[in-house]
Q: 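Structure incoming, see below.
This structure is a prediction, so every number in the text was calculated from the model and none was measured. All residue numbers refer to positions in the sequence shown, counting from 1.
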Amino acid sequence: MTASPTILALDTCTEACSAALLVDGHVYAEIADAPREHSQRLLPMVDAVLHRAGIGLDKVDVIAYGRGPGSFTGIRICTSMTQGLALGQELPVIGISTLAAMAQMAISEHGANQVLCAIDARMGEVYWGQYVAVDGIATQVVAEQVSAPDALDLALDTALPIVACGTGFDAYPELLNLGQGLDALPQVKFPDARAMLELAQVGIAAGETTSVDELQPVYLRDTVAWKKLPGRE
């Protein structure tokens with residue numbers, strides 16, 4: 001693997017579907033708000049970013065995939081497509097949190113220092129996580145979890161402004177009243193594969209890639225198990 005790996009990032013874990021490619025310092029990206037079209041949209045997006053970069057999948061070094069939390073169906077689509085693409089080229093993979101990806105977008109594009117991300121988990125709950133910017137990278141403060149909106153246990157740094165990202169705040173506006181009140185950042189409602197590229201670079205440097213056989217989605221609820229493609233042990 002080169003010192004600056006070529007990374008393909010994929011995400012379908014929420015209503016948004018996105019793909020992004022980092023090659024030679026350039027980023028190529030596609031995103032669409034298409035809640036029921038992920039399985040039809042993702043591969044054409046992958047083809048589009050590869051075509052714009054002028055490379056084939058064989059030139060990719062690592063695939064970064066949205067590992068969740070989010071929609072169970074969306075997570076399955078993302079992990080299945082990652083598995084199919086990675087197996088064909090024997091590529092390593094790295095899972096990226098959808099919550100961390102939203103926090104990274106808030107930090108990179110909107111200058112946030114402290115971010116609370118929440119995704120509507122249905123069933124009266126939200127998936128949520130809290131992050132701060134450390135050298136420009138979203139760094140977890142509170143472990144990702146699923147809980148009722150009135151059960152969030154934050155570790156707020158009152159010296160820093162905190163912004164709110166994600167569909168959880170649309171579903172439960174009362175979350176904006178946590179602590180001393182949060183500033184909503186409506187521009188960041190869903191994870192974006194572009195932000196996953198930044199987090200993947202840090203993870204790759206830290207040796208966090210795995211083989212595709214160790215691909216690991218994160219549901220946060222224990223009622224769903226991942227099943228590998230037939231024929232894979």
Side-chain angles (χ1 to χ4, degrees), residues 7 9-11 13-14 16 18 20 62 64-71 74-75 78-79 93-121 125-169 172 175-176 178-180 182-185 187-210 214-222 226:
I7 307 169
L10 318 171
D11 182 65
C13 295
T14 65
S18 60
V62 179
Y65 63 96
R67 61 168 177 76
S71 155
I75 294 171
C78 193
T79 46
V93 299
I94 184 166
I96 304 295
S97 160
T98 50
L99 296 168
M102 287 194 294
Q104 187 62 45
M105 187 63 68
I107 291 165
S108 297
E109 297 204 352
H110 303 281
N113 291 301
Q114 187 172 201
V115 189
L116 176 64
C117 298
I119 296 172
D120 184 8
E125 294 180 319
V126 291
Y127 303 118
W128 66 280
Q130 188 184 338
Y131 303 84
V132 294
V134 177
D135 296 329
I137 296 298
T139 303
Q140 191 177 82
V141 174
V142 175
E144 298 173 0
Q145 47 196 290
V146 58
S147 63
D150 60 0
L152 272 64
D153 185 14
L154 306 183
L156 296 177
D157 181 347
T158 56
L160 294 174
I162 181 165
V163 298
C165 302
T167 57
F169 298 95
Y172 303 99
L175 287 174
L176 292 172
L178 289 170
Q180 296 179 337
L182 309 179
D183 292 324
L185 190 61
Q187 301 96 319
V188 183
K189 188 170 289 187
F190 304 115
D192 188 320
R194 289 178 298 158
M196 290 171 56
L197 292 172
E198 297 180 79
L199 296 170
Q201 290 179 82
V202 174
I204 291 167
E208 295 173 0
T209 59
T210 70
E214 297 173 283
L215 176 150
Q216 188 64 52
V218 174
Y219 295 102
L220 291 186
R221 284 191 176 126
D222 296 330
W226 166 243

Q: Any non-hydrogen side-chain atom of V142 less than 4.5 Å from a side-chain atom of L154?
A: no
Q: What is the minimum heavy-atom distance between A133 and A112, and which atoms define it?
A: CB-O, 3.9 Å
Q: Is there side-chain contact between V115 and I107, with at least one heavy-atom pair below 4.5 Å?
A: yes
Q: Answer yes or no: is there a donor N or O on one side and an acceptor on the other, between the side chain of Q114 and the main chain of L160, under 3.5 Å?
A: yes
Q: Quick one: does any side-chain atom of T139 pair with a main-chain N or O of I137 as donor and acceptor, under 3.5 Å?
A: yes
Q: Testing the basics here: between I75 and G68, what is the closest heavy-atom pair and its distance to 0.1 Å?
A: CD1-CA, 3.8 Å
Q: When you look at L116 and V163, which way does the side-chain contact (heavy atoms from CB on, under 4.5 Å) test go after all the steps?
A: CA-CA 6 Å; L116 176 64; V163 298; over 6 Å; no
Q: Any side-chain heavy-atom pair from L99 and P69 closer than 4.5 angstrom?
A: yes
Q: Judged by atom type as modelled, is there a donor-acceptor pair below 3.5 Å linking the side chain of Q140 to the main-chain atoms of Q130?
A: no
Q: Of all heavy-atom pairs between P149 and L175, which one has the smallest distance, and what is that distance?
A: O-CD2, 3.3 Å
Q: Ignoring hydrogens, what is the shortest heavy-atom contact between Q104 and G136? Give both atom names and the distance.
A: NE2-O, 2.9 Å
Q: Does the side chain of R221 reach to within under 4.5 Å of the side chain of E125, using non-hydrogen atoms?
A: yes
Q: For A193 versus L10, what's the shortest heavy-atom pair and its separation?
A: CB-N, 4.5 Å
Q: A side-chain contact here means heavy atoms from C-beta on lying under 4.5 Å apart; do T79 and Y65 qualify?
A: yes
Q: Dump the intermediate steps for side-chain contact (heavy atoms from CB on, under 4.5 Å) on Y172 and V126, then the final yes or no.
A: CA-CA 9 Å; Y172 303 99; V126 291; 3.5 Å; yes
Q: Are the side chain of T209 and the backbone N or O of V93 linked by a donor-acceptor pair below 3.5 Å?
A: no
Q: Working to the nearest 0.5 angstrom, can you tell me the gap between L178 CG and L156 CG?
A: 7.5 Å
Q: Kindly compute the distance separating CD1 (I96) from CG (L197), expressed to the nearest 0.5 Å.
A: 9.0 Å
Q: Are Y127 and T167 side-chain neighbours, meaning at least one heavy-atom pair lies under 4.5 Å?
A: no
Q: Please check this pair: side chain of T14 against backbone of G70, looking for a donor-acceptor N/O pair closer than 3.5 Å.
A: no
Q: Please check this pair: side chain of E109 against backbone of V188, looking for a donor-acceptor N/O pair closer than 3.5 Å.
A: no
Q: Please list all pairs passing the salt bridge (Lys or Arg N to Asp or Glu O under 4.0 Å) test where one or both residues lie in residues 138-151, with sequence neighbours left out.
A: R67-E144
Q: Could you please spell out the steps behind the side-chain contact (heavy atoms from CB on, under 4.5 Å) verdict for S108 and E198?
A: CA-CA 9 Å; S108 297; E198 297 180 79; 2.9 Å; yes
Q: Might you point out which heavy atoms bring G66 and D11 nearest each other, and give the distance in Å?
A: CA-OD1, 3.4 Å
Q: Find out whether M196 and P191 are in side-chain contact, i.e. whether some heavy atom of one side chain is under 4.5 Å from a heavy atom of the other.
A: no
Q: Can any side-chain N or O of Y131 pair as donor or acceptor with the backbone N or O of M102 at less than 3.5 Å?
A: no
Q: Side-chain contact test, heavy atoms from C-beta onward, threshold under 4.5 Å: evaluate it for D183 versus L185 and give yes or no.
A: no
Q: Decide side-chain contact (heavy atoms from CB on, under 4.5 Å) for W128 and C117; before the verdict, give the C-alpha distance in whole Å, the side-chain angles of both, and the deciding distance to 0.1 Å.
A: CA-CA 5 Å; W128 66 280; C117 298; over 6 Å; no
